[in-house]
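Here the structure comes first, spelled out in structure tokens, and everything after it is commentary.
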Amino acid sequence: MAQSPSFDCTEATSRSIEEMICKNSDLAALDRNLADVYAAASQKALNERPPLLKAEQRGWIKGRNDCWKSEAPRQCVESSYRYRIAELQARYRLVDGNGPITYSCDGDSRNEVVAFFFETDPPTLIAERGDQVSLMFMEKSASGSRYQGRNESLWEHGREAAIVWGFGSKAMRCKRTP
């Protein structure tokens, strides 16, 4: 039996992203998966900031719907779902993780970075430096493990890493601390 999405397909307008999801069982399965992950995240967010989570989800839906502008709308929608599911799973600790892993950078205690790695698809990490937090996704790399966030990156080789924190910042040389 084909998977149905989490929303009512009879209300999907012609030539919309929703119609595409309704007609594609793989996308419908991703939509159902996201609905389940979002419900679990909402439960964890009850004492935090549920209005923010709802607003972020509405923003994500708008971004997903902008996939019509893409040269490959179906792949765009699929990627959008996979990244959103991974983000919610990591942020709300809905999957197994590894951490905290502490990195000492440039010999300065103010440059300590603490990372939690999550077994999501794609793999993610949440890094903290001072009072700042960054969600990063794993990218393909010729060697080591490379994660990229909005303005941060972490590229680890063995027990050493190059960490960039902030737009235009220089890479810090970091070592894992025991």
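- Checking side-chain atoms of Ser169 against main-chain N and O of Trp165 turns up a donor-acceptor pair under 3.5 Å.
- Atoms CZ and SG, from Arg110 and Cys105 in turn, are 12.5 Å apart once rounded to the nearest 0.5 Å.
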- [ ] List the steps, then state whether side chain to side chain contact (heavy atoms under 4.5 Å, CB included) holds for Arg84 with Glu87.
- [x] CA-CA 5 Å; Arg84 182 63 174 159; Glu87 174 187 2; 3.2 Å; yes
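- Using a distance-only test at 3.5 Å, with no hydrogens or angles considered, a donor-acceptor pair links the side chain of Ser16 to the main chain of Glu19.
- A cation-pi arrangement is absent between Arg146 and Phe137, since the terminal nitrogen or guanidinium carbon is not both under 6.0 Å from the aromatic centre and inside a 45° cone about the axis.
- Val114 and Ile101 are members of different hydrophobic clusters when ILVMFWY side chains are connected at heavy-atom separations under 4.5 Å.
- Ser79 places no side-chain N or O within 3.5 Å of a backbone atom of Gln75 that could act as its donor or acceptor partner.
- Proximity of a side-chain donor or acceptor of Arg176 to a complementary backbone N or O of Arg159 within less than 3.5 Å is not detected.
- Inspection of the Trp155 and Ser141 side chains reveals an N or O donor paired with an N or O acceptor under 3.5 Å.
- Side-chain atoms of Glu128 and Thr102, non-hydrogen and from C-beta on, never get closer than 4.5 Å to each other.
- Screening Asp121, Asp31, Asp26 for a salt bridge (Lys or Arg N to Asp or Glu O under 4.0 Å) with Arg82, the sole residue that qualifies is Asp121.
- Here Cys76 contributes atom SG and Glu71 contributes atom CD; the two are 11.0 Å apart, rounded to the nearest 0.5 Å.
- Between Tyr81 and Ile21, the closest heavy-atom pair is OH-CD1, 3.3 Å.
- A distance of 12.5 Å separates CG in Leu27 from CG in Asn33, rounded to the nearest 0.5 Å.
- The shortest side-chain heavy-atom distance between Ser145 and Met138 falls under the 4.5 Å cut-off.
- No side-chain heavy atom of Ile126 sits under 4.5 Å from any side-chain heavy atom of Ser134.
- Hydrophobic clustering (side-chain heavy atoms under 4.5 Å, transitive across Ile, Leu, Val, Met, Phe, Trp, Tyr) groups Met20 together with Leu30.
- The line from CD1 of Ile163 to CE of Met136 is 7.0 Å long, rounded to the nearest 0.5 Å.
- Counting heavy atoms from C-beta outward, Glu152 and Phe167 have side chains that stay 4.5 Å or more apart.
- Hydrophobic clustering, with ILVMFWY side chains joined whenever heavy atoms are under 4.5 angstrom apart, keeps Leu34 apart from Val95.
- Residues Glu156 and Tyr103 have side chains that bring a donor and an acceptor to within less than 3.5 angstrom of each other.
- Ring centroid separation for the pair Tyr83 and Trp60 does not come in under the 6.0 Å cut-off.
- Salt bridge present: Arg74 and Glu78 bring a charged side-chain N and a carboxylate O closer than 4.0 Å.
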- [ ] Determine, stepwise, if the pair Glu139 / Tyr147 fulfils side chain to side chain contact (heavy atoms under 4.5 Å, CB included).
- [x] CA-CA 6 Å; Glu139 295 187 336; Tyr147 291 81; over 6 Å; no
TODO: List the steps, then state whether salt bridge (charged side-chain N to carboxylate O under 4.0 Å, His left out) holds for Arg173 with Asp106.
DONE: CA-CA 6 Å; Arg173 299 179 69 79; Asp106 293 340; over 6 Å; no
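- Inter-residue side-chain proximity for Cys9 and Glu18 is flagged as unmet; no heavy-atom pair is nearer than 4.5 Å.
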- [ ] Output, in order, the C-alpha distance, side-chain angles, deciding distance and verdict of side chain to side chain contact (heavy atoms under 4.5 Å, CB included) for Leu125 and Phe116.
- [x] CA-CA 5 Å; Leu125 72 78; Phe116 297 84; over 6 Å; no
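- Between Cys22 and Pro5, some side-chain heavy-atom pair lies under the 4.5 Å cut-off.
- One hydrophobic cluster, built from ILVMFWY side chains closer than 4.5 Å, cannot hold both Val133 and Leu154; they sit in different ones.
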Task: Chi angles and distances behind the side chain to side chain contact (heavy atoms under 4.5 Å, CB included) call for Tyr38, Leu88 - done: CA-CA 7 Å; Tyr38 179 79; Leu88 292 175; 4.2 Å; yes
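- Residues Glu56 and Arg91 are paired through a salt bridge, judged by an N-O separation under 4.0 Å between the basic side chain and the carboxylate.
- Distance check, rounded to the nearest 0.5 Å: CG of Asn111 to CE of Met172 gives 5.0 Å.
- Looking at every heavy atom in both residues, Ala86 comes nearest to Thr124 through CB-CG2, 3.9 Å.
- Two residues are said to be in side-chain contact when any heavy atoms from C-beta on lie closer than 4.5 Å; Thr120 and Ile85 fail this criterion.
- The CG atom of Asp66 sits 9.5 Å away from the OG atom of Ser80 when rounded to the nearest 0.5 Å.
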